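The chains referred to below are lettered A, B, ... by the order of the sequence lines, with proteins before strands, and numbering in each begins at 1. This one's a predicted model, so the numbers in the text were calculated from it and none came from an experiment. The basis for the numbers below is simple: all heavy atoms, side chains too, and nothing from hydrogens, waters or symmetry mates.
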There are 2 protein chains.
Amino acid sequence: MTDRSRIVYGEDMGRPRGFDEAEVVRAAAALFADRVYDGVSVDDLVGHLGVHRNSLYKTFGSKRGLYLAALRRHLDDDVRPLAEAVAAADGPAAAADLVAGAGLDLLLLAAVERAPADPEVAALVGEALDVLDQALGAVLPAPDAAATGAFTSALLGLRIRARATDSTTEPGSAALARRFDIR
Amino acid sequence: MTDRSRIVYGEDMGRPRGFDEAEVVRAAAALFADRVYDGVSVDDLVGHLGVHRNSLYKTFGSKRGLYLAALRRHLDDDVRPLAEAVAAADGPAAAADLVAGAGLDLLLLAAVERAPADPEVAALVGEALDVLDQALGAVLPAPDAAATGAFTSALLGLRIRARATDSTTEPGSAALARRFDIR
DNA sequence: ATCGGTCAAGAACGATCGTTCCTAAACTTG
DNA sequence: CAAGTTTAGGAACGATCGTTCTTGACCGAT
């Protein structure tokens, strides 16, 4: 017979979850990628994520907690794999196309709107940019710190313009890569 | 007798204004330059602008109306003069320093967060970017459309990173300019 | 002096924000 | 089955959002 006073209740007791946490975070990242943080309401989240209010706060603590989880997942699932592909790319032009074609809007928005007001976001953004710097530096024929940083920033700038003018084509990345492909 | 002699009255004269409309728009532009549109409340505006709620709505119609006025003023008072200075600059490096040193945060924020959701903002942003393109194209030794567009975008990207990491120094502009200073 | 008009000051509106609370259903364990 | 725990489903909270309304002070023209 078990001693009742020693019973430690496991985490897997009770009603099982009706949602996949990883999938919820991924869906949240998608929402935060094309609207500003303040533009995504908790109602929007519970409406599109298949998770209900109570579970959201139980699991992530707050709207900001879910946002940070989404940003971390974006870094791990999108930025780092992209960086690996970039580092293995054949020259700056191919690398630029990879970055331009990747979905980095969440990182972009985080850098512009949240990082200046949220140190934790700023740290994650800085980490992501460093990862991209390192990868892009590996494909530049004559890399130096300032140049790789400028290359990374320039690619983000191209995406800004594409977002703002809703242009599907991005001929700028080729021109940019050519300017950085000097040896 | 009075310093109100400079005030131009409307057709139906009433009590003269206690605020300078141009100055209000300029102050609004400053507020919108370092916070997101949704992050600046009407209370913030009436608190910092020296204009009363009633007058704000009477003069600009809505918060969005004031924002659009601020963006137009930013274009006329900041972007266009900057473009003229850039076009007269001695080479890409000097031009890049001019752009990097100018306060283009309102344009940057507008491009990233408002343009995708507000066509009127998108039009103004596109106009501003075109103005900068034209000016930067004038100082590039071997200009072509794609390259100048990339140069403009790249300078915006540099500002993003500076904002996100709160770095006061911007060595990237020099490296960027060097890459674009080929002939 | 008085009238028509604008402006100033602030209360107040409905809507929506992020968050919390309550209740019932679902599931594991003893 | 009973006990215990966690979820789902919403209602509801106070705060704040953008906007409007009310009231009175002010000003130029009659």
Side-chain angles (χ1 to χ4, degrees), chain A residues 1-25 27-28 31-32 35-70 113-114 117-118 121, chain B residues 1-25 27-28 31-32 35-70 113-114 117-118 121:
Chain A
M1 205 54 175
T2 308
D3 183 1
R4 286 173 168 235
S5 62
R6 287 192 63 257
I7 292 182
V8 175
Y9 301 105
E11 313 164 356
D12 52 345
M13 292 184 65
R15 178 174 173 173
R17 285 183 167 167
F19 64 95
D20 182 359
E21 180 171 332
E23 195 168 341
V24 163
V25 174
L31 277 184
F32 284 123
R35 286 189 235 167
V36 186
Y37 177 79
D38 284 328
V40 179
S41 70
V42 177
D43 282 350
D44 290 333
L45 291 169
V46 302
H48 289 79
L49 268 51
V51 63
H52 273 90
R53 229 175 212 76
N54 222 348
S55 303
L56 192 156
Y57 279 89
K58 174 80 171 174
T59 308
F60 304 103
S62 65
K63 176 188 174 184
R64 177 174 174 269
L66 174 55
Y67 177 83
L68 287 174
E113 65 136 353
R114 297 306 300 166
D118 191 324
V121 172
Chain B
M1 113 191 194
T2 173
D3 57 349
R4 298 190 198 275
S5 56
R6 310 177 317 175
I7 298 179
V8 178
Y9 295 91
E11 13 185 324
D12 293 330
M13 304 192 177
R15 177 176 173 174
R17 284 183 169 166
F19 64 95
D20 181 0
E21 180 171 331
E23 193 168 342
V24 163
V25 175
L31 277 183
F32 284 124
R35 286 190 237 167
V36 187
Y37 177 79
D38 285 328
V40 179
S41 68
V42 176
D43 281 350
D44 290 333
L45 291 169
V46 302
H48 290 79
L49 267 51
V51 64
H52 202 266
R53 226 181 213 71
N54 224 348
S55 304
L56 191 157
Y57 279 89
K58 175 80 171 174
T59 309
F60 304 103
S62 65
K63 176 187 174 184
R64 176 173 176 270
L66 174 55
Y67 178 83
L68 288 173
E113 65 138 352
R114 296 306 300 167
D118 192 324
V121 172

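Following rounding to the nearest Å, B:Lys58 (NZ) and C:dA9 (P) show an atom-to-atom distance of 17 Å. The distance between atom CG of B:Asp20 and atom P of C:dC7, rounded to the nearest whole Å, is 14 Å. Distance, B:Glu21 CD to C:dC7 P: 10 Å, rounded to whole Å.
Looking only at side-chain heavy atoms (C-beta outward), B:Phe19 and B:Leu49 stay at 4.5 Å or farther from each other.
Judged as a side chain to side chain donor-acceptor pair (under 3.5 Å), and not counting sequence neighbours, the contacts of B:Asp44 are B:Arg35, B:Ser41.
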Side-chain donor/acceptor pairs under 3.5 Å, residues 60-70 of chain A, sequence neighbours excluded:
from, atom 1, to, atom 2, distance (Å)
A:Ser62, OG, A:Arg64, N, 3.4
A:Ser62, OG, A:Gly65, N, 3.1
A:Lys63, NZ, A:Tyr37, O, 2.9
A:Lys63, NZ, A:Val40, O, 2.7
A:Arg64, NE, A:Asp118, OD2, 2.7
A:Arg64, NH2, A:Asp118, OD1, 3.1
A:Arg64, NH2, A:Asp118, OD2, 3.4
A:Arg64, NH2, A:Glu120, OE1, 3.0

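With rounding to the nearest 0.5 angstrom, the CZ atom of B:Arg53 is 4.5 Å from the CG atom of B:Asp43.
Closest approach of A:Ala28 and A:Leu45 over heavy atoms only: CB-CD2, 4.4 Å.
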Expected string for nucleotides 16-22 of chain D under the B/S/- scheme (protein heavy atoms, under 4.0 Å, primed atoms plus P, OP1, OP2 as sugar-phosphate) is -SSBBBB
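Within 4.0 Å (heavy atoms only), A:His52 reaches sugar-phosphate atoms of the nucleic acid but no base atom.
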Query - Pair A:Thr59-A:Val51, side-chain contact (heavy atoms from CB on, under 4.5 Å): steps then yes or no - result: CA-CA 10 Å; A:Thr59 308; A:Val51 63; 5.8 Å; no
